[in-house]
Amino acid sequence: MTISNRITPEDVATPSKTKEILKRHDLVLKKSLGQNFLIDHNILNKIVSAAELGPDKGALEIGPGIGALTQQLAKLAGRVLAIEIDQRLLPILGETLEPYPHASVVHGDVLKQDLPALFRQHFAGVDGVSVVANLPYYITTPIIMKLLEEKLPLDNIVVMIQKEVADRMAARPGTKDYGSLSIAVQFHCEAELVTIVPRTVFVPQPNVDSAVIRLRVRKAPPVDVADEAFFFEVVQASFVQRRKTIYNNLAARFFSKETKSELEAILLACGIEPQRRGETLSMEEYARLSAALQAHGCK
Ligand code: SAM
């Protein structure tokens with residue numbers, strides 16, 4: 001679908017329109033809720049294009065603010081659901097979304113929502129849902145982990161987040177940014193950086209750099225893991241002290257002084273040198289290692 005660059009009169013994502021709305025509603029933005037609103041149409045276009053929406057698709061937005069992104073989603077998607085925590089924004093959203101009856105707003109904290117129930121209620125009959133958002137930065141990771149762990153029927157997640165977190169989500173083994181977050185995200189998705197975003201496209205400007213990341217949700221994980229919870233425990237334990245070896249981190253978590261010599265044999269049998277650091281292991285190596293530790297009786 002082609003995406004129009006034309007700004008329509010009802011669009012709020014311009015500096016003057018956003019300032020006018022905030023002034024008219026006497027609204028002071030809350031830093032504590034991560035309220036940095038987008039005022040640049042080109043960035044909005046890049047975000048919505050990356051989500052690959054269409055009239056048969058649904059879009060879930062977390063934190064619509066005054067509706068800058070919501071309006072663009074509503075122009076492309078067949079159904080839009082936006083979840084906003086700040087009650088003061090609801091009357092403004094009523095105005096900005098007035099031309100789009102297929103867009104609904106739910107008031108509440110996204111982390112407390114029963115998302116499967118909201119999906120049944122709002123996205124029945126759509127052919128795939130994308131999460132598209134300029135996320136509140138103070139809870140980026142909990143939101144993404146909730147979306148992934150609840151195994152919602154998602155096509156992709158296209159979100160604006162802190163650049164530093166985007167780098168960690170997309171990092172490859174052996175790099176300084178690679179860690180348990182990279183593995184958690186890449187177990188569920190293919191991660192790709194869409195664009196880096198200057199601070200000047202927000203009101204007010206945030207004090208961190210931002211990036212748009214696209215997470216294409218996988219149909220199945222890229223590695224065979226019998227017990228996901230235990231796999232992620234092994235991954236977490238391996239990064240508890242980044243500068244320590246995989247042997248030292250895993251010994252501290254799963255072995256006693258008397259039994260820790262067994263760990264060396266397990267690592268070597270998995271083809272992993274005990275002196276390596278957690279940040280050098282691929283997801284396949286973690287899968288092999290967690291299966292071997294579990295077979296050994298580790299819990
Ligand atoms: N989408 C708008 C835009 O791009 O201009 C606003 C984005 S602003 C970065 C984040 C939005 O998330 C704010 O509107 C804020 O009130 C909302 N928010 C913060 N915490 C939230 C939560 N726990 N649940 C739902 N919305 C939240």
Side-chain angles (χ1 to χ4, degrees), residues 7 10-22 25 27-51 59-77 80-97 100 103-115 118 122 130-147 150 157-163 165-166 194-195 197-213:
I7 302 179
E10 66 272 17
D11 284 348
V12 298
T14 66
S16 55
K17 201 70 183 277
T18 297
K19 281 178 190 151
E20 182 267 309
I21 290 174
L22 297 180
H25 289 267
L27 195 80
V28 178
L29 296 185
K30 289 190 183 170
K31 216 174 166 181
S32 61
L33 290 178
Q35 292 181 338
N36 302 95
F37 293 171
L38 269 169
I39 50 163
D40 185 298
H41 210 67
N42 289 325
I43 294 292
L44 287 173
N45 273 336
K46 281 192 188 166
I47 299 174
V48 294
S49 315
L60 169 66
E61 185 185 5
I62 294 153
I66 60 172
L69 176 57
T70 331
Q71 290 180 325
Q72 306 312 314
L73 296 174
K75 288 179 193 173
L76 294 168
V80 178
L81 170 65
I83 303 172
E84 174 56 61
I85 198 170
D86 188 348
Q87 182 141 32
R88 301 173 309 156
L89 297 169
L90 301 194
I92 305 181
L93 287 165
E95 276 174 30
T96 55
L97 300 179
Y100 309 104
S104 314
V105 178
V106 165
H107 174 226
D109 178 347
V110 65
L111 296 178
K112 296 190 181 144
Q113 299 303 307
D114 180 347
L115 293 179
L118 284 177
H122 293 270
S130 297
V131 174
V132 192
N134 169 18
L135 287 181
Y137 290 179
Y138 73 106
I139 43 168
T140 302
T141 306
I143 292 175
I144 291 188
M145 292 322 296
K146 177 178 167 82
L147 294 171
E150 291 192 4
I157 300 173
V158 178
V159 280
M160 172 102 74
I161 58 179
Q162 305 93 304
K163 178 172 179 303
V165 180
V194 174
T195 188
V197 179
R199 298 173 192 201
T200 48
V201 302
F202 302 94
V203 162
Q205 294 189 16
N207 44 20
V208 293
D209 291 323
S210 303
V212 177
I213 193 168

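Indexing begins at 1, ligand by ligand and atom by atom, following the structure's order.
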Distance col, row Thr200:OG1 vs Ile39:CD1, nearest 0.5 angstrom, shows 7.5 Å
Taking Gln162 for its side chain and Tyr137 for its backbone only, find out whether a donor-acceptor pair lies under 3.5 Å.
yes
By side chain to side chain donor-acceptor pair (under 3.5 Å), His107 pairs with (sequence neighbours left out) none
Check each protein residue for a heavy atom under 4.0 Å from ligand 1 and list those that pass, ordered by chain and number.
Leu33, Gly34, Gln35, Asn36, Phe37, Leu38, Glu61, Gly63, Pro64, Gly65, Ile83, Glu84, Ile85, Asp86, Leu89, Gly108, Asp109, Val110, Asn134, Leu135, Pro136, Tyr138, Ile139
Does Ser210 use its side chain to pair, donor to acceptor, with the backbone of Val197 at less than 3.5 Å?
no
Where do Val158 and Ala51 come nearest, in terms of heavy atoms and distance?
CG2-CA, 3.7 Å
Got a salt bridge between Lys46 and Asp40, using NZ or NE/NH1/NH2 to carboxylate O under 4.0 Å?
no
